[in-house]
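The structure under discussion appears below in the form of structure tokens.
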Amino acid sequence: MDLLTLKADTAKDVLLSAAKVGSLLAVGCAGAVTVALGYSGIYYLWMGRKYRKLPRRKKWMPVWDAFDQQKGEEAFINEFRDPDQPGEFQTVVDMGPDFNGNRIVAFSDPETFAKILNDTQTFGKAPNAGAEELIGKDSLVMSEGELWARQRKLITPVFHFSSLKAVFDTMVDIAVKDADDMQHQIETSKDHCAIRTKEDFNALTMRIIIACAFSSRFDVEWMHRAWGKVFHSIFYFIGRQIVGPLWNYIPHKDAWGVAAVMKQINRKVQAEIDTRRKDGTDTAAKEGEGPRDLLDLLMAAGDEMSDRLMIDESLTFLSAGHETTSSLVSWTMYCLSKHPDVQRQLQEELDAVIGDRPLTFDDINRLEYMKCVVKEVLRLCPPAPFLDRLAKRDFSLNGYDLPKGTIVWLMFHAAQMDERYWDKPQEFMPSRWAEGSGTETAAEGGATKALRHPYAYLPFSAGPRNCIGQKFAQQEASVILASVMRHYDVALEGEDKVMGIIEATMVPKNLSLRFTPRGTCAHSVASGTTTDGGA
Ligand code: HEM
């Protein structure tokens with residue numbers, strides 16, 4: 001009996017002590033969190049005084065935009081319009097704090113873009129924990145300083161003219177096969193049309209990058225679904241910024257789910273590189289037996305590149321190489337569906353330049369009107385509407401002295417829509433790019449109109465860190481457009497509910513397009529908005 005009482009007393013004591021320790025820990029943690037929050041608050045207010053002279057955005061916290069995706073990119077940039085001159089944009093706006101506490105300041109004028117993009121000592125890449133994990137912090141896109149410079153030098157030849165020429169036939173084969181699939185759908189559907197959405201163009205550009213960069217060695221359907229999961233999950237990237245690596249262990253599809261998919265993608269790319277090493281195909285490419293694809297070129301680029309870097313660059317090709325181009329193709333098809341006369345002019349050019357024979361590499365350069373159409377789409381609906389940079393030291397811009405740690409946003413889309421630099425910026429006018437129209441920038445070899453500024457048009461950014469894959473993307477978009485538009489008309493399916501929203505790029509939400517053989521569908525090319533320049 002005594003023994004039992006003793007045992008019960010001991011158990012009670014243990015429970016009481018555990019409860020005491022527990023409450024002490026809870027109080028300790030709460031205290032630590034309060035002190036940390038208090039300290040951050042004071043620090044934030046202290047730093048905030050450095051931004052007080054800046055014009056503030058009406059809705060101050062950019063954080064809410066991430067949760068408020070439905071309003072679309074156009075509504076977002078319209079908030080920056082100058083209230084007194086609605087055709088122009090405010091050149092500088094204090095956006096408020098980012099998720100990690102850094103203050104965001106948005107700039108919208110070309111002069112400032114030029115200063116920021118060419119000063120890599122002051123403005124570095126902005127931190128993006130999720131993206132770093134996805135494509136590696138040492139990859140060309142994410143790295144900085146000497147590591148970046150070395151990689152840029154090594155990778156530049158991968159996108160040389162000769163490489164683009166080498167992958168041209170592969171691009172054409174895949175685009176033609178897709179156009180043939182459309183024909184099959186048209187013949188078998190009761191409406192005699194083929195329907196395409198943004199997802200379909202996404203699968204197509206994924207197929208092309210997997211063929212050009214990895215000799216079709218990955219399962220396209222799987223890769224398309226896997227990247228789709230990652231890109232559609234904005235909360236993964238927000239969660240990683242706020243919570244850090246612990247976010248990857250939270251049992252939710254936008255946390256652990258995305259982290260697991262990214263690991264699988266990584267493993268597949270690693271396995272492909274290992275296989276090439278084992279089979280000796282990397283050595284064959286190095287010894288001049290002819291590289292088959294972009295990964296071979298990368299592996300032949302030099303022994304300086306570790307396996308890890310090779311994987312990171314391959315992941316960059318896969319991610320940057322399909323989502324951006326599919327946005328460009330989707331937006332172009334959308335604009336053509338809204339402007340039947342532009343569509344007709346493009347088709348007439350395709351007939352005149354290519355006729356009935358297969359598309360060749362030289363044709364792409366001769367399709368002048370198509371180039372104008374693509375340039376205009378990149379101005380009006382840019383897949384990369386803005387960029388961010390982190391200030392590595394104190395800086396002065398637009399008459400404001402701002403501190404190290406500021407995140408600067410470069411609002412390319414705003415400058416591309418600003419009346420100070422563009423005639424009727426709201427209108428889709430491919431003809432503004434025609435030679436002799438006076439609107440080409442100096443960088444493109446044309447005359448610079450007083451109205452224009454070379455940094456008022458930056459779909460691929462500019463300066464040392466401009467897009468290395470821009471020629472590849474333009475070639476790919478041209479091949480797809482030529483292969484489809486020479487045979488089919490495009491029209492919107494149903495009402496126009498399309499709006500640009502930001503995922504990994506700016507994508508057309510609610511896009512559904514109807515393709516019919518040329519001239520067979522009265523409402524496709526014969527109706528709709530009528531002018532090059534219509535609203
Ligand atoms: C329409 C298609 C594309 C658009 C609009 C686009 C846009 C951009 C932009 C704006 C940047 C600058 C990013 C920054 O500085 O933060 C960039 C960088 C980059 N892009 Fe593209 N891109 C496209 C297609 C491609 C393709 C097809 C590839 C590769 C296959 C590619 C690979 C890269 C790489 C590696 C960088 C980083 C360059 C560096 O930091 O040195 N891009 N792109």
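Note that ligands are numbered from 1 as they come in the structure, with each ligand's atoms numbered from 1 the same way. Computation of the quantities below employed the complete heavy-atom set of this structure, encompassing side-chain atoms and omitting hydrogens, waters and symmetry-equivalent molecules. What you are looking at is a predicted structure, and each value in this text was computed from that prediction instead of being measured.
Among L513, L328, T325, T332, the one residue that satisfies the side chain to side chain contact (heavy atoms under 4.5 Å, CB included) test with F201 is L513.
For R389, the heavy-atom gap to ligand 1 drops under 4.0 angstrom.
Relative ring orientation between F113 and F412 is described as perpendicular, the plane-to-plane angle rising above 60° on a 0-90° scale split at 30° and 60°.
F361 is not listed as a side-chain neighbour of D363, based on a closest heavy-atom distance of 4.5 Å or more. At a threshold of 4.5 Å between non-hydrogen side-chain atoms, the residues I468 and L140 count as touching. Between M506 and P383 there is no side-chain heavy-atom pair separated by less than 4.5 Å.
By the 6.0 Å and 45° rule, R103 stacks over the aromatic ring of Y51. Under a cutoff of 6.0 Å and an axis angle of 45°, K268 and W222 form a cation-pi pair.
No part of E476 comes within 4.0 Å of ligand 1, judged by heavy-atom distances. Under 4.0 Å from ligand 1, not a single heavy atom of Q474 appears. Residue contacts with ligand 1 for N466 involve N, CA, C or O but no side-chain atom from C-beta outward (heavy atoms, distance under 4.0 Å).
Between D173 and T170, the side chains place no donor N or O within less than 3.5 Å of an acceptor N or O (distance only, hydrogens not considered).
At the top of the distance list for atom 13 (C) of ligand 1, counting protein heavy atoms only, stands L387 CD2, 3.8 Å.
Atoms of the protein (N, O or S only) found under 2.8 Å from atom 21 (Fe) of ligand 1 are C467 SG.
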